[in-house]
J.: 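After the structure tokens below, expect a handful of questions from me.
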Amino acid sequence: MDGYGKRILIVDGDERSRHLLSGLLESKSYNVHTAGDGLEALSEMKKRRFDAVITDDRLPKLNGLELLALSRVAWPETPVIIVSGNLSALGPQAVERGAVAWVQKPYEAGALLELLASAVKAAGSKRSWKSGTRMAG
């Protein structure tokens with residue numbers, strides 16, 4: 001029950017990739033939502049709070065880095081992990097711009113799950129601390 005109660009958004013233009021990653025996360029009790037492009041992802045993020053976002057870098061309508069930039073403005077506490085089948089130098093840029101990580105496809109499932117769990121836990125403690133701070137003021 002690693003991910004019990006945690007809501008994750010998977011964004012990938014490839015339906016098969018979305019389905020495979022969804023199955024992996026659901027097997028660990030994550031509550032998974034999916035989007036096929038960057039604009040659909042933003043729409044989903046406006047509807048509900050996510051504990052993390054896993055997005056491909058190459059998306060229709062709005063690419064992964066653009067989605068990252070917009071999510072940093074509107075939802076700065078939500079961790080974003082970018083996955084990519086592209087051998088690119090954009091990984092360090094993505095992390096500098098606020099991504100938790102840039103993960104090369106094909107990725108090892110266990111490593112991605114550990115990274116996700118760590119990102120969700122870190123974000124959760126930041127939210128708890130910030131909400132506690134607001135309550136104290």
J.: Measure the shortest side-chain to side-chain distance between Leu65 and Arg97 over non-hydrogen atoms and say whether it is less than 4.5 angstrom.
T.: yes

J.: For the pair Glu114 (side chain) and Ala111 (backbone), establish whether a donor and an acceptor sit closer than 3.5 Å, ignoring hydrogens and angles.
T.: no

J.: Stepwise, does the side-chain contact (heavy atoms from CB on, under 4.5 Å) test hold for Val11 with Arg18?
T.: CA-CA 7 Å; Val11 190; Arg18 283 194 314 268; over 6 Å; no

J.: Kindly indicate whether the side chain of Leu68, heavy atoms from C-beta on, has any atom under 4.5 Å from the side chain of Ile82.
T.: yes

J.: With a 4.5 Å heavy-atom cut-off, do Ile8 and Leu116 have their side chains touching?
T.: yes

J.: When rounded to the nearest 0.5 angstrom, what distance separates CD1 in Ile54 from OG1 in Thr34?
T.: 12.5 Å

J.: So which pairs with a foot in residues 8-17 pass side-chain hydrogen bond (donor to acceptor under 3.5 Å, both in side chains), sequence neighbours left out?
T.: Asp12-Lys105, Asp14-Ser17

J.: Counting C-beta onward and ignoring hydrogens, is there a side-chain heavy-atom pair between Asp51 and Thr78 closer than 4.5 Å?
T.: no

J.: For Gly38 and Leu67, which heavy atoms make the closest approach, and how far apart are they?
T.: O-CD1, 4.0 Å

J.: Could you check Leu115 against Val103 for side-chain contact (heavy atoms from CB on, under 4.5 Å), going step by step and ending with a plain yes or no?
T.: CA-CA 10 Å; Leu115 178 62; Val103 178; 3.6 Å; yes

J.: Nearest 0.5 Å please: distance from the CZ atom of Phe50 over to the CZ atom of Arg7.
T.: 6.5 Å

J.: Write down the atom of Ala52, the atom of Val120, and the distance for their closest heavy-atom approach.
T.: CB-CG2, 3.8 Å

J.: Any side-chain heavy atom of Tyr107 within less than 4.5 Å of one from Leu21?
T.: yes

J.: Roughly how far, to the nearest 0.5 Å, is the CG atom of Leu113 from the CG atom of Leu25?
T.: 6.0 Å

J.: Using every non-hydrogen atom in the two residues, find where Met45 and Ser71 come nearest and quote the distance to one decimal.
T.: CE-CB, 3.8 Å

J.: Tell me the closest heavy-atom pair linking Pro60 and Gly36, and the distance in Å.
T.: CD-O, 3.6 Å

J.: For residues Arg58 and Asn63, determine if any side-chain heavy atom of one lies less than 4.5 Å from a side-chain heavy atom of the other.
T.: no

J.: Which heavy atom of Ala119 sits nearest a heavy atom of Val100, and at what distance?
T.: CB-CG1, 4.0 Å

J.: Less than 4.5 Å apart, side chain to side chain, heavy atoms only: is that true for Lys61 and Glu40?
T.: no

J.: Please give me the minimum heavy-atom distance between Ala94 and Trp102, naming the atom from each residue.
T.: CB-CE3, 3.5 Å

J.: Flag the pair His33 / Ile10 as yes when at least one side-chain heavy-atom distance between them is below 4.5 Å, and no otherwise.
T.: no

J.: Where the side chain of Gln104 meets the backbone of Ser84, is there a donor-acceptor pair that is under 3.5 Å apart?
T.: yes

J.: Once side-chain contact (heavy atoms from CB on, under 4.5 Å) is applied, do any residues pair with Leu70, and if so which ones, sequence neighbours excluded?
T.: Leu42, Leu62

